[in-house]
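Order of the sequence lines sets the chain letters (A, B, ...), proteins ahead of strands, with each chain counted from 1. The analysis underlying the following values was restricted to heavy atoms, covering all of them including side chains, and did not include hydrogens, waters or symmetry mates.
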Protein chains: 2
Amino acid sequence: MLDPQADCTFDCPVAEAASVLDGKWTTLIFRELLGGTKRYSQLQRAIVGISPRMLAMRLNDLESRGLVAKAIYPTVPPKTEYTLTTLGHSVEPVIAAMAQFGSQLQQRAINPSHGE
Amino acid sequence: MLDPQADCTFDCPVAEAASVLDGKWTTLIFRELLGGTKRYSQLQRAIVGISPRMLAMRLNDLESRGLVAKAIYPTVPPKTEYTLTTLGHSVEPVIAAMAQFGSQLQQRAINPSHGE
DNA sequence: CCGTATCCCAGACGATACTG
DNA sequence: CAGTATCGTCTGGGATACGG
């Protein structure tokens with residue numbers, strides 16, 4: 001197991017991960033793709049509020065980083081599928097941890113117990 | 001970071017977590033505080049490049065969310081200590097997962113193996 | 001259906017100077 | 001030491017329209 005306290009003076013893995021997860025819609029896109037291969041329009045419908053521009057931007061970014069694979073079928077009408085690569089799947093523990101953390105935040109929001 | 005209207009069925013815990021982790025320096029601050037209680041100046045020295053303004057902003061934000069506790073000692077010279085609350089500590093799995101994920105990204109960057 | 005191109009702006013961020 | 005005040009920059013992201 002990796003020590004989160006490892007040296008971050010130079011190339012910090014945490015900062016590296018953060019740079020990938022950064023961007024308004026990134027985690028939600030991961031969240032969708034962790035459910036399996038999805039088409040562009042499926043993602044757009046699933047992620048309420050995202051503009052075509054932002055969706056394309058994030059997907060291109062993730063593809064260039066090798067986290068997402070893109071399969072284009074030049075049929076009529078056109079069809080594109082997005083799938084997480086093996087590397088992309090390695091983000092799952094992060095999303096899972098975030099989900100866990102997020103629900104603790106929500107618990108506290110409901111139950112106003114102040115500590116410390 | 002994430003829009004409240006984002007539909008993850010109800011209130012998405014992942015989005016909730018993302019809203020906390022959002023901000024350029026947040027994860028690094030968590031990373032420092034996971035190592036134990038720290039003073040303002042310690043944080044500023046540890047987090048290279050952060051301005052006093054940003055550090056104070058993030059700390060105030062985390063305090064208002066109940067993730068960080070602030071202890072002020074009105075001595076001369078003044079002294080302030082920042083500590084993660086119990087809730088704040090629950091972010092640790094997220095940071096740990098990010099560290100793990102980040103190092104996989106770096107491995108891949110070094111070793112140009114082709115994915116999928 | 002799957003995107004790109006263009007325009008625009010709020011607000012996040014940095015730098016610097018200053019105070020209790 | 002531990003911050004705040006002020007100002008300027010800059011870019012991420014929204015809205016909209018259009019192209020392959």
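Side-chain proximity of Pro77(A) to the nucleotides dG3(C), dA2(D), dC1(C) is greatest for dC1(C). When distances are taken from the side chain of Pro52(B) to each of dA17(C), dA2(D), dC2(C), the shortest belongs to dA17(C).
For the pair Leu43(B)/Ile50(B), no side-chain contact is recorded, criterion being any heavy-atom separation below 4.5 Å from C-beta on. Looking at heavy atoms from C-beta onward, Val94(B) lies out of side-chain contact with Thr27(B) at the 4.5 angstrom threshold. Annotation: side chain of Tyr82(A) is not in contact with side chain of Ile29(A) (no heavy-atom distance under 4.5 Å).
For the side chain to side chain donor-acceptor pair (under 3.5 Å) test, residues two or more places apart in sequence or in another chain that qualify with Thr37(B) are Thr83(B). Take Ala99(A) and apply the side-chain contact (heavy atoms from CB on, under 4.5 Å) test, not counting sequence neighbours, and it matches Val14(B). Considering only residues two or more places apart in sequence or on other chains, Lys79(A) meets the side-chain contact (heavy atoms from CB on, under 4.5 Å) condition with Arg39(A), Tyr73(A), Thr75(A), Glu81(A). The side-chain contact (heavy atoms from CB on, under 4.5 Å) search around Pro52(B) returns Tyr40(B), Gln44(B), not counting sequence neighbours. In this structure, the side-chain contact (heavy atoms from CB on, under 4.5 Å) partners of Ser51(A), at least two apart in sequence or on a different chain, are Arg53(A), Met54(A).
Taking only side-chain nitrogens and oxygens, Tyr82(B) comes nearer than 4.0 Å to OP1 or OP2 of dG3(D). Between Ser41(A) and the phosphate of dC2(C), there is a side-chain N or O to OP1/OP2 separation shorter than 4.0 Å.
Sorted by first and then second residue, the pairs that involve residues 55-70 of chain A and meet salt bridge (charged side-chain N to carboxylate O under 4.0 Å, His left out), not counting sequence neighbours, are Asp61(A)-Arg65(A).
We find that CD of Gln42(B) is positioned 11 Å from P of dC1(D), with the value rounded to whole Å. Rounded to whole Å, atom P of dG3(C) lies 11 Å from atom CD of Glu81(A). In this structure, the CD atom of Gln44(B) is 13 Å from the C1' atom of dT4(D), given to the nearest Å. Atom NZ in Lys79(B) sits roughly 13 Å away from atom P in dG3(D) (whole-Å rounding). When rounded to the nearest whole Å, the span between CG of Leu59(A) and C1' of dC1(C) equals 15 Å. Put simply, CD1 on Ile47(A) is 15 Å from C1' on dG13(D), counting in whole angstrom units.
In terms of position on DNA chain D, the residue among Asn60(B) and Arg45(B) whose nearest nucleotide sits closer to the 5' end is Arg45(B).
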Under 4.0 Å protein heavy-atom contacts per nucleotide of nucleotides 8-15 of chain C, with B for base, S for backbone only and - for none = -----BBB
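In the helix from dC1(C)-dG20(D) to dG20(C)-dC1(D), the rotation axis of the first five pairs and that of the last five pairs differ in direction by 50°, rounded to 10 degrees.
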